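What you see is a predicted model, and the numbers here were worked out from it, not measured in a lab.
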Number of protein chains: 2
Amino acid sequence: MSTKTVKQRLNDYVMAGSKAERRIATFMLASIAELPFDTAASISKRIGVSEPTVGRFCRSLGYQNFKALKEDLQHDIGGGPWLLGDRLKEFHDRTKSGDGEQGRGLELEIASLVRIYELARTEHWARAVKKLARYRQIFVAGFQTERGLAQYFANQLQYLRPNVHLVDIAGGNFSEALLNEEKSTALVIFEARRYSRLSELLAKNAKSRGIPLTLITDAYCDWGHDLADEMFVVRTEFNMFWDSTAHMANLANLLINSVFKELGPHVEQRLNAVTRLHGDFIGYVGESTRQDAKS
Amino acid sequence: MSTKTVKQRLNDYVMAGSKAERRIATFMLASIAELPFDTAASISKRIGVSEPTVGRFCRSLGYQNFKALKEDLQHDIGGGPWLLGDRLKEFHDRTKSGDGEQGRGLELEIASLVRIYELARTEHWARAVKKLARYRQIFVAGFQTERGLAQYFANQLQYLRPNVHLVDIAGGNFSEALLNEEKSTALVIFEARRYSRLSELLAKNAKSRGIPLTLITDAYCDWGHDLADEMFVVRTEFNMFWDSTAHMANLANLLINSVFKELGPHVEQRLNAVTRLHGDFIGYVGESTRQDAKS
DNA sequence: CCAATTTTGTCATTTAAATTTCAATTTGAC
DNA sequence: GTCAAATTGAAATTTAAATGACAAAATTGG
């Protein structure tokens, strides 16, 4: 057997191989640290190729089978730490030795994640989930940099249920959300320092109209308590040059997942329908549009 | 299952176990990093005990079998007390033992974060950062649910530098990005399964025009390697009903932070200027708009 | 030392992983 | 479009790993 490392061999196939081979190579490269825990079968299932194909792929890389590849991986990577715990420790040690503000940031992010999962078990969380699942109309708002997060959340919720709207300031007012005649309307706002006046105005107005508010914000928001029915506070300080609101996306997705569970398995129908619609109008990689297919 | 780490469990048996148990525990502790590549059979042969004994030993540690032990090892964050505060650690233990579903998701998310921070140390990362800091024009794209992430990233980058644009399909083509006469143009795409045809088309077209591409995607993207100059793969499987792309936001913010460091402290001027502009036109909580202030 | 108990290994069985064969599908050249 | 070559997946087979039943060996307390 030649002297190439597993990584190098995989890299050769990422570009040059057949479709399935590229798929496998890409996946293996991306999750090289988890490969020792995998089997040819588990990999094949995850990436949607058959088990023999994975076996054959390992052969064409020059190994007898997937196990042999793992063997080689063991000697091959040698230096670097394998286990999650060791990898973490490496960051931590560097931090202590002064080399990395990065390691500190990682630790803060992990703590923040733990906290988000803690929030997901609260009474407030359950209440917010029920609202997001059952209320007729859901409006989602976010301004400045939180706009993207609001859109991200809204787009995902739209896969699960109808009548989800991203609140838009373009028209100069929030009439769509606030003057909705529907009684069963709920509002979600993503907001962080420095707080846009728009958010507070919107929240106040919603309150005055009896529209319940779920607020995702940071630890410095002092106006939310009075106005929000549920207020989820995520950490934003991760040793970066400014506060990062990225963990609102983590929270948002966990929330979406809870809504899915609340709605039950029948939502898969809608999910597939929405996916199909996207296929009709835009199309996915590796398929013709349905329009094409018909002709 | 209790809250101990694999290492702690093994340590208990090094002292207290029977002869064979001590042998096994000692061996496992000594070669804990190689365990993922082992099987119960291979271990039993190497240390001269029978295979069922190894299996029984794993049982008495609290695992169903050796495979389960490896599983745990994979997600074990190593019990560093430095990592989390006591309260959070306690919660982590609780989720891990009780509501297994969520605890497992949390572990997967932590592993993903570690991976992202590892990516941030690569050569590719440094290259992407340089591009994002120096190229004249930056275009950011994302479709379907990744649209929000693209917007989030673009909005933040706009705070740091001019000429950052969110690619919009509304006009039916990408002329803005692709027919830009500026030589120094770079493209960033956020994309995940199922891959929109738009992303691939855009990437291909960009490649043909010599526009470099930074691609943030998942482990299943088999078309990116040919087209992207840098490809950052984030984990998307967190034990949720569908793949979550939330960690692209975490990666995006870390990337933004790196760009900030690359640009140096003088960007703060721009940062403050943008913030002031927002104050002028929209206003922040707790202040009048500047317009108001004048009157 | 002996008997009760625990621990361990042998062998057969079950379960999971890898491999082979072969047919179906896809790809690429013309 | 058509055909040959290459690629891939389904089903059956082989091989390896894990487990269970039970007997042999070791340990413990007297």
Side-chain angles (χ1 to χ4, degrees), chain A residues 6 9-10 12-28 31 34-74 283-288 292-293 295, chain B residues 6 9-10 12-28 31 34-74 200 204 220 222-223 225-226:
Chain A
V6 178
R9 284 162 211 245
L10 287 173
D12 294 345
Y13 274 83
V14 158
M15 303 285 226
S18 70
K19 204 162 150 188
E21 287 173 336
R22 286 202 314 267
R23 277 253 264 308
I24 299 171
T26 305
F27 179 84
M28 285 189 176
S31 43
E34 284 90 56
L35 284 189
F37 301 97
D38 273 314
T39 70
S42 69
I43 288 173
S44 73
K45 257 171 216 133
R46 277 214 278 173
I47 63 182
V49 300
S50 72
E51 198 180 333
T53 302
V54 176
R56 278 188 289 254
F57 175 72
C58 295
R59 290 234 168 144
S60 64
L61 281 182
Y63 302 101
Q64 211 202 330
N65 50 32
F66 182 65
K67 262 192 79 179
L69 186 151
K70 285 202 282 187
E71 271 291 299
D72 196 22
L73 205 56
Q74 179 174 16
Y284 294 100
V285 167
E287 75 179 10
S288 322
D292 293 348
S295 63
Chain B
V6 178
R9 286 163 211 246
L10 288 172
D12 293 346
Y13 275 83
V14 168
M15 306 290 239
S18 70
K19 204 159 136 193
E21 287 173 337
R22 288 201 311 271
R23 273 252 270 307
I24 299 172
T26 306
F27 174 82
M28 284 189 175
S31 50
E34 285 91 56
L35 286 189
F37 303 96
D38 275 314
T39 70
S42 70
I43 289 174
S44 72
K45 258 165 216 142
R46 266 206 279 177
I47 61 181
V49 299
S50 74
E51 198 180 331
T53 302
V54 177
R56 277 189 290 254
F57 175 71
C58 294
R59 252 169 212 268
S60 64
L61 283 183
Y63 302 100
Q64 213 203 328
N65 49 35
F66 183 64
K67 262 190 80 177
L69 185 151
K70 283 203 284 187
E71 269 289 297
D72 196 23
L73 203 58
Q74 179 174 15
E200 197 189 16
K204 275 191 175 141
Y220 307 99
D222 57 355
W223 54 266
H225 276 284
D226 305 331

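Overall, the helix from C:dC1-D:dG30 to C:dC30-D:dG1 carries an axis bend of 50° between its ends, with five pairs at each end and the value rounded to 10°.
Residues forming a side-chain hydrogen bond (donor to acceptor under 3.5 Å, both in side chains) with B:Arg59 (at least two apart in sequence, or on another chain): none. A:Ala16 is linked by a side chain to side chain contact (heavy atoms under 4.5 Å, CB included) to nothing, counting only residues two or more places apart in sequence or in another chain. Every residue meeting the ring-ring contact (aromatic ring centres under 6.0 Å, His included) condition with B:Phe57, not counting sequence neighbours, appears here in chain and number order: B:Tyr13. Listed by chain and number, the residues in a ring-ring contact (aromatic ring centres under 6.0 Å, His included) with A:Phe27 are B:Tyr220 (sequence neighbours excluded).
Partner of B:Ile43 under the side chain to side chain contact (heavy atoms under 4.5 Å, CB included) criterion, chosen from B:Val49, B:Leu35, B:Thr53: B:Leu35.
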Contact state string [nucleotides 4-23 of chain D, B base, S sugar-phosphate only, - no protein heavy atom under 4.0 Å]: ---SBBBB-----SBBB---
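In this structure, B:Tyr13 places its OH atom 14 Å from P of C:dT6, rounding to the nearest Å.
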Take B:Leu69 and B:Met28 through the test side chain to side chain contact (heavy atoms under 4.5 Å, CB included) and record every step on the way to the result. CA-CA 11 Å; B:Leu69 185 151; B:Met28 284 189 175; 4.2 Å; yes
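Here the side chain of A:Arg9 pairs no donor or acceptor atom with the backbone of A:Gly62 at under 3.5 angstrom. Although no hydrogens or angles enter the test, the distance criterion places no donor-acceptor pair under 3.5 Å between the side chain of B:Lys70 and the main chain of B:Thr39.
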